[in-house]
Colleague: 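Sharing a structure here in structure tokens format.
Since this is a predicted model, take the numbers as computed values, not measurements.
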Amino acid sequence: MYYEIKNVSIYIEDEQLFIGGEYVESNHKTIKCIFFILKTDNLVFTKDELLSMVWDDTVVTDSSIFKQIQTVRKLFANHGLPKDTIESVYGKGYKVKYPIKQLDDKPEKICKKNKPIKPIIILCVSLVIIVATFLILNPKQHNEFNRLTKEKKVLLEKEIKQDWALGLKQINSLLTNNASHYSEADISFLMLKKGEAELHLQQPAEAVKSIQESLNGLDTKSSYYITALLKLSRAQSSNLQTSEALDTINKALAFMENAEPSNRLVDALMTKALLLRKINDFNQSIKYNLESLKQAKNLNDVVGELIAVNNLATTYQMMGNYKAATEYSEIGLKLSLDNGNPQYIANSYVSMTSNYIENGDYEKAKQMIEKAINYQVSNNNLRYLKSKLYFYYYLAIISVENEKAEEIKSVFQSYLSLSNPTNDTKSKFQYLNALHFFTKGEFVNASKAVEDSKSLINETNLVVLKVKLMTLDAILSYLNNNDLRVIESGKAVLSISAASDKDKFLISSVLSLSYLRLENPDNYKTYNESKNQLFNSKWIFENFISDCLETHTDSNRNSQAFRECFKKRAKEPAINKIDLNEDLIISLSESIKKLNN
């Protein structure tokens with residue numbers, strides 16, 4: 001094919017490169033790189049796509065890719081093209097700045113380098129004889145010549161990412177109908193992509209099997225081998241095989257121990273940090289996240305830097321350190337917006353949502369979480385929706401929009417049914433159910449849901465959630481006239497460093513009322529003063545719970561009085577102004593129904 005950029009012709013034939021009508025001495029990889037770049041049609045291409053096309057299964061560093069781009073830039077500049085013909089796209093890859101035109105006719109003045117004809121003929125004849133002999137003696141090896149081309153692999157990867165469900169069907173079709181025509185390496189590639197699609201479609205058990213099978217046919221020196229280990233570790237983690245996932249990621253890190261720093265090393269460090277966070281080894285998790293952040297910065301890997309920052313924000317949130325969490329969340333949001341990737345933007349918005357909720361700014365929290373869900377739904381990416389659904393359900397509950405809360409609860413249940421949720425996830429869901437029952441005045445059901453949630457939490461897990469559960473338990477115990485349990489739960493909450501000021505405010509409120517009912521004026525005064533000191537006018541939901549608890553201290557009437565007060569206060573504009581987007585809830589529900597089908 002013949003191409004032209006800014007009136008400079010580029011022509012590749014028989015592994016020979018011609019630019020501006022002149023033969024250009026180039027190596028094989030440079031010619032492959034230029035050929036790939038010319039076929040991008042001015043679209044952005046990533047380093048991974050270039051790596052797959054030019055280096056195939058060979059492990060190379062980012063510096064090798066950069067050097068190859070620099071080589072092509074120099075060749076272009078030496079033949080009359082601007083130095084910025086290939087421009088870097090921040091955080092994404094590269095693109096050709098000027099229009100690439102495909103020519104119908106062969107450009108003029110192409111001067112082929114004269115080569116001796118006779119040696120070429122002799123060489124070709126010899127190759128034909130060798131290949132023919134090989135095929136005759138090894139008929140079973142004929143299929144080795146029917147490999148998936150690099151172009152097909154790149155195209156297939158793009159198609160899969162556009163629609164994971166359709167991509168999985170396509171891969172299964174290729175494996176069913178054409179398996180006998182592919183080499184072992186091709187089969188391994190397809191099994192790896194099959195596992196990746198299954199992981200995106202919330203099928204972790206199937207993903208583990210597919211990726212493990214892909215490893216059997218991959219060369220341990222291949223770049224795909226490291227990729228497969230990283231994907232396998234994530235699939236094992238999603239399949240509740242945390243110990244196996246840690247073993248796999250440690251194996252991947254061992255393979256990269258003596259290699260130059262690379263994006264895959266950043267990915268491996270972050271994966272280990274996430275696994276450590278999953279078993280609540282927060283300090284080690286932060287250590288590995290900080291190391292991944294350092295490596296990403298050294299590589300100028302903006303995406304790696306962004307993910308590491310968001311992971312640090314989430315880890316600090318789980319530790320109850322909201323000051324550090326907010327700092328990293330703000331950095332992460334700026335990086336993600338600069339990068340433009342919908343998944344990363346969505347995760348950054350979730351991180352900001354959590355901080356806004358803790359600060360009592362529910363309107364901003366609603367804006368953040370709806371942006372996060374919108375980004376994922378509009379881009380057909382429904383992975384990692386649990387945290388988004390959790391916060392959306394929570395906001396529906398505290399805005400006392402009971403119908404919308406029921407709708408989101410149903411969507412959340414449907415989404416959880418697609419995967420194999422951990423006990424921690426189930427516990428969070430049950431806590432929200434308990435809070436939802438509480439806002440509806442169904443205190444018996446709320447208490448049962450609290451106990452169900454508690455039973456699912458491991459003794460060392462989810463300290464912040466434990467605080468929330470004990471706080472709600474203390475309020476329900478007060479409404480059930482069980483002041484001793486109020487005092488037991490309340491003091492336990494105040495002894496936990498991860499308890500937020502908002503939790504302490506509610507606990508101080510209910511403790512003061514219990515001591516008032518027990519006719520203990522000194523303790524009543526102590527906790528009432530504490531409540532007043534912690535008061536924050538932004539905490540609309542928590543403040544009207546506290547106000548309604550004070551409407552009656554008569555042990556025979558407080559539950560009903562609380563229900564009536566809560567129902568009345570729930571109609572106030574300050575609560576209802578959150579106003580969740582009904583259209584988004586419907587869109588979300590329809591997207592998850594498609595996954596179920």
Colleague: Are any of the side-chain nitrogens in Lys334 or Asp338 under 4.0 Å away from the carboxylate oxygens of its partner?
Modeller: yes
Colleague: Tell me whether Arg517 forms a cation-pi arrangement with Tyr524, defined as NZ or CZ under 6.0 Å from the six-membered ring centre and within 45 degrees of its axis.
Modeller: no
Colleague: Surrounding NZ of Lys448 (heavy atoms of other residues, nucleotides or ligands, distance under 6.0 Å), is the total greater than 12?
Modeller: no
Colleague: Return the set of residues passing ring pair (Phe, Tyr, Trp, His ring centres under 6.0 Å) with Tyr515 (not counting sequence neighbours), or none when no residue passes.
Modeller: Tyr527
Colleague: May I have the step-by-step check of side chain to side chain donor-acceptor pair (under 3.5 Å) for Lys440 and Asn402, ending in yes or no?
Modeller: CA-CA 8 Å; Lys440 295 193 295 182; Asn402 290 327; over 6 Å; no
Colleague: Count the heavy atoms of every other residue, nucleotide or ligand shown that sit under 6.0 Å from NZ of Lys209, and state whether that count exceeds 12.
Modeller: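 Count not over threshold, so no.
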Colleague: Are Phe562 and Phe438 close enough that their ring centers fall under 6.0 Å?
Modeller: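 Between Phe562 and Phe438, the centre distance is under 6.0 Å.
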Colleague: Sorted by first residue and then second, give each side-chain hydrogen bond (donor to acceptor under 3.5 Å, both in side chains) pair with at least one member in residues 532-544; sequence neighbours left out.
Modeller: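 Counting only pairs at least two positions apart or across chains, the side-chain hydrogen bond (donor to acceptor under 3.5 Å, both in side chains) contacts touching residues 532-544 are Tyr362-Glu542.
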Colleague: For Ser453, what residues pass the side chain to side chain donor-acceptor pair (under 3.5 Å) criterion, not counting sequence neighbours?
Modeller: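 Result, side chain to side chain donor-acceptor pair (under 3.5 Å) vs Ser453: Ser427.
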Colleague: So, using salt bridge (Lys or Arg N to Asp or Glu O under 4.0 Å) as the criterion, who are the partners of Lys531 when residues are at least two apart?
Modeller: Glu550
Colleague: Could you work out, with side chain to side chain donor-acceptor pair (under 3.5 Å) as the rule, every residue matching Asn310, not counting sequence neighbours?
Modeller: Ser348
Colleague: So which pairs with a foot in residues 485-496 pass side-chain hydrogen bond (donor to acceptor under 3.5 Å, both in side chains), sequence neighbours left out?
Modeller: Glu451-Arg485, Asp473-Arg485, Asp473-Ser489
Colleague: Looking at Glu370 and Lys366, does any basic side-chain N land under 4.0 Å from a carboxylate oxygen?
Modeller: yes
Colleague: Taking the six-membered ring for Trp, are Phe443 and Phe437 closer than 6.0 Å centroid to centroid?
Modeller: no
